[in-house]
Number of protein chains: 2
Amino acid sequence: MVGHGKRVKKQGGTINEVAREAGVSISTVSRIINGTAFVAEDKRRAVEAAMHRLDFQPNYLARTLITGRSMTVGVIAEDIVSPFYADVIRGVEHALLDTPYQPVLNSGHWSTRHETRAIDTLIYRKVDALLLLGSTLTDDTLRGVAGRVPLILFGRRVPGLESHCLTLDQRGAALNATRHLIELGHRRIVHLHGPPGQQDAQERREGYRDALTGSGLPLHPELELQGDFLEQSAAQALTHLLDARVPFTAVFAGNDQMAAGARLALYRRGLRVPDDVSLIGFDDLPASAFTIPPLTTVRQPTYQIGQALARHALNVLAGQPSTLPDFDLPLIMRESTRPLR
Amino acid sequence: MVGHGKRVKKQGGTINEVAREAGVSISTVSRIINGTAFVAEDKRRAVEAAMHRLDFQPNYLARTLITGRSMTVGVIAEDIVSPFYADVIRGVEHALLDTPYQPVLNSGHWSTRHETRAIDTLIYRKVDALLLLGSTLTDDTLRGVAGRVPLILFGRRVPGLESHCLTLDQRGAALNATRHLIELGHRRIVHLHGPPGQQDAQERREGYRDALTGSGLPLHPELELQGDFLEQSAAQALTHLLDARVPFTAVFAGNDQMAAGARLALYRRGLRVPDDVSLIGFDDLPASAFTIPPLTTVRQPTYQIGQALARHALNVLAGQPSTLPDFDLPLIMRESTRPLR
DNA sequence: CTGTTAGCGCATTCAC
DNA sequence: GTGAATGCGCTAACAG
């Protein structure tokens, strides 16, 4: 087999070699690299030539060891696989693209243990700031982390860290979505919600209830079904409901993936969407515009959120005042809902 | 606003302070940390107590500066947003979980410029090995990179780096899929392929043609439609075909996302799947089991691939011989295909 | 078994 | 403007 050799090849000389090659001191070279001070034109030329000849690249580690700044921002997402977080990450990456900062990604996997490990790793790696896209940690723990590194949170509102928390009005959006169903004439509306421990899941559920009670409609506990934000759980839960012959005419799913699961359960029983049952999701994943039928859902502007998060991090790192913007969660009307009857 | 302070807080003392606190030399502390040599029980106790008291954590940068090994493996995916690569990444993360190595992710965004930048950044950050999940770079460039850092490639077969390349038989799998359609009696089969510059896209297209010619069927250039692996492109291309009233009875999409786009185009025209048109995808994304109808598709064992890639990297880093395994691409039969007539 | 010494590669005071 | 010296925090010889 073609071996790589166990050691990385020496990377084009050190600042010392450049200095010798150019006949100047290393401080002069350093000044040229960092633009710290003016340097005579001829020396600058000589140094630049030497750097080029030796294919010189400053050593990141040595440099960071001194300055204390690694020029990286750590990003931990609950799950990189999730299309939702992936798009936020895309926004972060994009916003950082033409800055000296680099994102470093890691996953929390919805697990306290993994998330803790990821955080420790990134702090150990000396990231200059940390972005948490969702978190399973307690407020206290989070405040502790914020004491070790500038911390910016998405999807959590932690007392004491408010100005670095970006949350969306999940409850209001869920209320909107449910109300839309009510306005279409639906009365028995199923809600597929995520894990009770999950803040977003909880808020959406409350929004659903708000809409019902706000319209003077009764709450039907048997219509609130728990899932885990994945397709399968929703399909199962709804299938059980169908088997129990509990009547309903609409479904508000806690996210688009659960909407897809619900959709399949309906399809299996020969129920049409939206003719027999109306369906609304939450997230507006890219794929949801292409489901059959295209899904009516709540849009979370994930990409823009990622950008906002990154820009805020940049500001914080620059020591500038910065406020996280607010985002609306519009209901995107497509074809999975229609008036009852 | 709640400020973070511009500087990260001092992280629980240095090895020097620990040594002083414990009344030993720093080398003794270093030995205990790294298990480099045996240390008397009482000193070990004292040092561990001191480390705990000072909340000591060795400085990653200083350590790496000396050892030359950062204990990280860089991972560059064309696109983290893509569900396909995301699952490979999940496999990589998982395989690295209980090792001293940490993955560091970055995106190439299907762009030579971005990919080059990502590679430079990661090498600059001194990753010990680099995993490329897809690449837009030339063979020569890739060989150049391999000279700077141990390189492992997925989805590319580069002469000279064969033993570190993991590729799948896209062509054979595409042939299988198409042949399945042929065996069901289909003769006019549309193929939605990805960008011509993309190796996978090219190979799948060839597999499609192989199947046709292998069965003695004619190639119909008007049935080969180009897309970009996203839903929208497929929907458009197929809509055009439908408008032009070109007859066909089946569609083999270059990936599941394009299959979804095609599905919607058919739906818009009132064509049923599989009753009027059979549809096959490629990738077997998690969502594809929940489309309407569930999609027949070629499964790429992405998670296992990620694991294999990471394990190979580990072996290479350990200086052990290692061979990348082969993976089958089975056709997953679901409900989007059926015999003609 | 343990302490002393010398750097890793670079930014950063200081003098000149 | 520029060079010499100092040290970031740690590991790796080197002596004892």
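Chain naming here is simple, since letters A, B, ... match the order of the sequence lines and numbering starts at 1 in each.
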Verify, without hydrogens or angle tests, whether A:T67 (side chain) and A:R63 (backbone) share a donor-acceptor contact under 3.5 angstrom. yes

Between B:A37 and B:L65, whichever has its closest DNA chain C nucleotide further toward 5' is B:A37

Would one find more than 12 heavy atoms of other residues, nucleotides or ligands at under 6.0 Å from atom CZ of B:R45? no

Rounded to the Å, how far apart are B:R69 CZ and D:dA12 C1'? 13 Å

Answer yes or no: is there an ion pair linking B:D79 with A:R90, defined by an N-O contact shorter than 4.0 Å? no

Any donor-acceptor pair under 3.5 Å linking the side chain of B:E78 with the backbone of B:G108? no

Test: A:D98 and B:R117 ion pair at under 4.0 Å: no

Between the side chains of A:D140 and A:R143, is the shortest nitrogen-to-carboxylate-oxygen separation below 4.0 Å, so that they form an ion pair? yes

For B:G160, does its backbone N or O pair with a side-chain atom of B:E162 as donor and acceptor, under 3.5 Å? yes

The helix from C:dC1-D:dG16 to C:dC16-D:dG1: angle between its terminal axes, five pairs each, to 10°? 40°

Is it true that a side-chain atom of B:T64 and a backbone atom of B:Y60 form a donor plus acceptor pair closer than 3.5 Å? yes

Letter per nucleotide, 5' to 3', of nucleotides 10-16 of chain C [B base touched, S only sugar-phosphate touched, - untouched; heavy atoms, 4.0 Å]: BBBB---

Can you find a side chain N or O atom of A:K126 that sits less than 4.0 Å from OP1 or OP2 on D:dC8? no

